[in-house]
Amino acid sequence: MGSLLRRRPPLMSVLSVASAFVLTLIVHRQFVARDWLFTEERIRELIGSDVNPCATGNQTQLRRAYINVVSKFHSTDADHKIEAEQARRQKQLKDYCNAHPLPRTVKGLPKWQQTVLLKHLHVNERHKFVYCSVPKVACTHWKQVLKTLNEQEAWPGCSTFNHLKDTAGMRLYSYPREDRSRILKTYYRFLFVRNPLERLLSAYLNKLHPNGSDTDYFNQRFGQNIVRMLRPGQNPEIRQRKDFVTWPEFAEYLLKIELKDFNEHWMPYEHLCQPCALQYNFIGHYENLNSESNYVIRKVQAGGRVAFPDSQTRRSMSARKRKVLAHLHTLRQPLQDGLINIFAHSHGLFGYDIPEM
């Protein structure tokens with residue numbers, strides 16, 4: 001990269017420096033005004049629509065411009081607010097763990113719970129952190145950050161991302177037993193959560209609803225089993241909209257199976273990440289995803305290498321809450337009560353209110 005820069009004509013070098021300076025000023029103004037609501041796409045627009053962020057060389061150049069803005073222009077006051085809120089969340093978690101019979105040590109977990117936990121803990125050795133991935137809480141973005149930090153790509157999202165293949169070597173499960181305890185004791189540990197029933201609904205709409213964007217695998221793996229269980233005698237193949245699993249059927253299915261048979265996209269937090277057995281240094285909330293994610297990146301001293309891809313939720317918190325309530329109201333009372341019971345610990349651990357029906 002350095003040799004390429006030295007071959008540029010002097011005029012181009014001057015223009016590049018000037019453009020970078022102007023870019024920083026412009027993005028800084030947007031950054032301060034929008035309070036974290038800028039994206040790498042907006043930076044690309046400022047540089048020029050003809051710039052390919054995934055082309056060789058451009059990835060590094062754009063990444064540096066993006067993280068330069070994020071790392072240098074964050075608000076210290078905002079960090080103080082995050083830390084104060086973090087203390088409140090940690091107390092909430094500790095008090096709840098003390099008041100309920102949840103596992104308190106990783107070694108004391110049943111075998112299946114240990115396996116689930118270890119497969120969801122992702123390790124970065126250079127920056128010494130462990131991230132517990134929770135599906136439907138921006139885990140794809142965080143895995144792309146991990147991939148970038150592991151120098152598998154220079155710009156998040158520039159290559160096809162395979163959850164299992166691209167993150168397999170980062171999982172604590174792949175480490176020798178003697179290393180696991182050391183890592184869990186000494187590395188910075190964090191996770192991100194969201195309203196549990198909102199996450200559940202998001203999983204259904206994305207994986208099993210006719211308008212979902214990721215239904216093929218889940219219909220074959222789960223949808224057909226649900227049809228066999230709840231529609232006896234019917235052909236389980238899902239070919240048309242009328243064949244898809246309905247929201248009430250999905251709820252009934254969850255009430256009929258054991259927790260160990262839950263898919264990770266709808267498994268409760270206490271089984272995915274074991275927050276009473278494993279002490280996390282940071283508990284992030286989806287409602288403050290961008291600011292808190294970049295806080296964590298700075299905390300593990302990775303701010304000079306990567307910034308969290310902008311992932312602002314499209315709906316307001318109140319709109320998402322109304323959507324969840326609307327779907328819960330379509331269920332019979334036993335199904336409502338059953339779902340709330342399944343996710344009661346997930347609500348209580350992280351301070352989310354159980355909806356009043």
Side-chain angles (χ1 to χ4, degrees), residues 37 85 88-89 92-93 96 100 120 132-142 191-215 218-219 222-223 226 230 241 244-257 259 261-273 275 283-293 310-357:
L37 296 182
E85 173 61 18
R88 188 198 67 77
R89 292 177 192 169
Q92 165 76 28
L93 176 62
Y96 193 90
H100 295 82
H120 285 84
C132 187
S133 65
V134 179
K136 305 309 297 178
V137 191
C139 71
T140 298
H141 287 76
W142 266 110
L191 78 162
F192 277 78
V193 297
R194 70 192 289 188
N195 181 291
L197 292 178
E198 178 188 312
R199 170 178 170 255
L200 177 68
L201 177 60
S202 177
Y204 166 74
L205 294 176
N206 181 237
K207 308 299 182 184
L208 294 169
H209 188 271
N211 295 333
S213 61
D214 191 21
T215 59
F218 280 83
N219 275 332
F222 299 100
I226 296 173
L230 301 179
R241 289 183 67 90
F244 277 72
V245 172
T246 65
W247 167 244
E249 286 176 331
F250 179 59
E252 185 174 353
Y253 162 75
L254 294 181
L255 268 60
K256 286 180 177 292
I257 64 173
L259 276 169
D261 296 323
F262 274 42
N263 176 261
E264 62 176 355
H265 288 82
W266 42 83
M267 182 171 281
Y269 299 134
E270 64 270 21
H271 297 293
L272 279 178
C273 296
I283 303 163
H285 277 205
Y286 184 73
E287 294 78 11
N288 307 301
L289 179 62
N290 279 14
S291 58
E292 294 185 3
S293 294
D310 183 89
S311 181
Q312 291 295 325
T313 55
R314 297 178 182 177
R315 293 175 178 267
S316 67
M317 193 185 309
S318 59
R320 297 198 304 270
K321 183 177 180 179
R322 288 195 299 270
K323 186 174 183 178
V324 171
L325 288 174
H327 278 76
L328 286 176
H329 280 299
T330 65
L331 303 178
R332 294 179 288 107
Q333 191 65 47
L335 295 182
Q336 292 180 13
D337 296 340
L339 285 187
I340 290 173
N341 183 60
I342 289 174
F343 294 96
H345 287 319
S346 292
H347 282 84
L349 287 163
F350 301 109
Y352 287 101
D353 294 331
I354 292 178
E356 296 181 5
M357 304 301 297

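The shortest non-hydrogen separation linking Tyr269 to Arg194 is OH-O, 2.6 Å. The shortest non-hydrogen separation linking Val324 to Glu198 is CG2-CA, 3.5 Å. Minimum heavy-atom separation, Cys132 to Leu191: O-CB, 3.8 Å. Listed here is the closest heavy atom pair of Glu249 and Leu230: O-CD1, 3.3 Å.
Side-chain contact check for Ser346 versus Glu270: some heavy-atom pair is nearer than 4.5 Å. Residues Leu272 and Glu264 are in side-chain contact: their nearest non-hydrogen atoms beyond the backbone lie under 4.5 Å apart. Residues Val134 and Phe192 have side chains not in contact (no heavy-atom distance under 4.5 Å, counting atoms from C-beta outward). Looking at heavy atoms from C-beta onward, Pro196 lies out of side-chain contact with Arg199 at the 4.5 angstrom threshold. Side-chain atoms of Leu205 and Lys323, non-hydrogen and from C-beta on, do get closer than 4.5 Å to each other. Two residues are said to be in side-chain contact when any heavy atoms from C-beta on lie closer than 4.5 Å; His347 and Asn195 meet this criterion. Counting heavy atoms from C-beta outward, Leu200 and Leu254 have side chains that approach closer than 4.5 Å.
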Inset, instruction - Could you give me the CA-CA distance, side-chain angles and deciding distance for Ile257 and Phe262, then say whether side-chain contact (heavy atoms from CB on, under 4.5 Å) is met? - result: CA-CA 8 Å; Ile257 64 173; Phe262 274 42; 3.5 Å; yes
Inset, instruction - Verify side-chain contact (heavy atoms from CB on, under 4.5 Å) between Ser133 and Trp142, making sure each step is shown before the conclusion. - result: CA-CA 8 Å; Ser133 65; Trp142 266 110; over 6 Å; no
Inset, instruction - Report the C-alpha distance between Thr215 and Phe244 in whole Å, list the side-chain angles of each, state the deciding distance to 0.1 Å, and finish with yes or no for side-chain contact (heavy atoms from CB on, under 4.5 Å). - result: CA-CA 10 Å; Thr215 59; Phe244 277 72; 4.2 Å; yes
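Between Arg89 atom CZ and Leu349 atom CG the span is 14.0 Å, to the nearest 0.5 Å. Taken from CZ in Phe250 to CG in Leu255, the straight-line distance is 11.0 Å, to the nearest 0.5 Å. In this structure, CG in Asn206 is found 11.5 Å from CG in Asn211, a value given to the nearest 0.5 Å.
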Show me the donor-acceptor pairs, under 3.5 Å and distance only, between side chains in residues 350-357 and residues at least two apart or in other chains.
residue: Tyr352; atom: OH; partner: His285; partner atom: ND1; Å: 3.3
residue: Tyr352; atom: OH; partner: Glu287; partner atom: OE1; Å: 2.9
residue: Tyr352; atom: OH; partner: Glu287; partner atom: OE2; Å: 3.4

Return a table of donor-acceptor pairs under 3.5 angstrom between the side chains of residues 336-343 and protein atoms on other chains or two or more places apart.
residue: Gln336; atom: NE2; partner: Leu328; partner atom: O; Å: 2.9
residue: Gln336; atom: NE2; partner: Leu331; partner atom: O; Å: 3.0
residue: Asp337; atom: OD1; partner: Gln333; partner atom: NE2; Å: 2.9

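His100 and Tyr96 have parallel rings, their planes meeting at less than 30° on a 0 to 90° scale where 60° marks the start of perpendicular.
Remark: aromatic rings of Tyr204 and Trp266 are distant, center separation not under 6.0 Å.
Judged by distance alone, the side chain of Ser293 and the main-chain N or O of Asn290 form no donor-acceptor pair under 3.5 Å.
Remark: His265 pairs with Pro135, Lys136, Ala203, Lys207, Phe218, Asn263 by the side-chain contact (heavy atoms from CB on, under 4.5 Å) rule, at least two apart or across chains.
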